[in-house]
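Report on one structure; see the data block that follows.
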Amino acid sequence: MLVLNSGSSSVKYRLMDMADETRLASGTVERIGEPGGVADHASALRAVADELAGQDLGLDSPRLAAVGHRVVHGGTRFTEPTLVTDEVLDGIRALVPLAPLHNPANITGIEVARDLRPDLPQVAVFDTAFHATLPEAAARYAIDAGTAERYGIRRYGFHGTSHAYVSRAAAALLGREPGEVNAVVLHLGNGASASAVRGGVCVDTTMGMTPLEGLVMGTRSGDLDPGAVFHLARVAGLDTDAIDTLLNKKSGLLGLCGDNDMREIGRRMAEGDADARLAFDVYVHRLRRYVGAFTAVLGRVDVIAFTAGVGENSAAVRAAAMRDLENLGVVLDPVRNAVRAGGPRLVSADGSPVAVAVVPTDEELAIARDTYALAQG
Ligand code: ADP
């Protein structure tokens, strides 16, 4: 299986042998359309093909059985991994207004891969799919129902492939079936989202109609009073695109302190930098708020699982997020939390009623599995 994650300025790829789920090759082509990079997505995929051919793993290999693509927005139509046909591609195109920053690049990736190997099944795996089970009470915004229906304004959620993979892996770490386990998954990367998973079924998540809602992220604001948007338009005189850029690209940790990398923020905090401290505190406060919210949504939590760049690596964020939650049944073990390790692991104290886990996410593996399952029929 070849897995392609085509973003706006990069293409990540991974070639997997599904007999034993080993990684044959992987890499990233960056700076697409930027000075010093390749011209466009077609050139990027050709670079991937050349790279693989150099390792005798050419895209013309008869062993290559299917290509799996990450697609960000599936709307209400695509709730499962889907074999790409012309009609499906039209469906993904129709969702561009809901995901203008993401779906176009995903579509280009599919088109170019199809041109290179028209004989292969191409499978779209949607970031929204795992959240299709959100009950209406969690998925609906309290706005005029007709307007919401007409314009698709509801909560779809994102990072679904990761939330699905990590909630399953967390159950496995506890030695239990996913159907028996209630999990709060905290996916903290550059983008960040939390989800509440009851017995393997997602019942709430922090991202909404777009990936802008919810947690504080590297460069995205997360939750914001929509009234602030009107104020920016009326009083600050910003147009729609300027507000979009402000909230998606210049906010979050970056907006608060000028850095969006948690490692750099940690270094600055150690030197007593007040802006970095505030950014960290706002980030952690929002996270704790949602841990509390999702505890109430689930009623019973078996495990809180941290994943992605910050969740897997920042002991400081985990410690601050889990501090003083004994009354919610959460007791972190500071020594286990501080250990740097690679695999899934528990960082809660023995006897903590709620387990706390670090579970490395692997979206490419999850997409390869979904693609394999579908391509096999
Ligand atoms: P993406 O959402 O782009 O896939 P990742 O999941 O790779 O992002 O997360 C990237 C972020 O992880 C970086 O911006 C950085 O803030 C954070 N990160 C990576 N390594 C560490 C670390 N050792 N300590 C703290 N934060 C880290």
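Hydrogens, waters and symmetry mates are skipped; everything else that's a heavy atom, side chains included, is used. Whatever order the structure lists them in is the order used to number ligands and atoms, beginning at 1.
- A salt bridge is absent between R369 and D362: the closest approach of a Lys/Arg side-chain nitrogen to an acidic carboxylate oxygen does not fall below 4.0 angstrom.
- For F158 and H73, the ring centers sit closer than 6.0 Å to each other.
- With sequence neighbours left out, D261 forms a side chain to side chain contact (heavy atoms under 4.5 Å, CB included) with R263, E264.
- Applying the side chain to side chain donor-acceptor pair (under 3.5 Å) test to every pair with at least one member in residues 174-183, sequence neighbours left out, gives no pairs at all.
- For the 3.5 Å distance criterion, the side chains of R220 and N190 fail to qualify, holding no donor opposite an acceptor.
- Sorted by first and then second residue, the ring pair (Phe, Tyr, Trp, His ring centres under 6.0 Å) pairs with a member in residues 348-377 form an empty list; sequence neighbours excluded.
- Listed by chain and residue number, the protein contacts of ligand 1 are G189, N190, G191, N260, D261, M262, R263, A308, G309, V310, N313, S314 (heavy atom within 4.0 angstrom).
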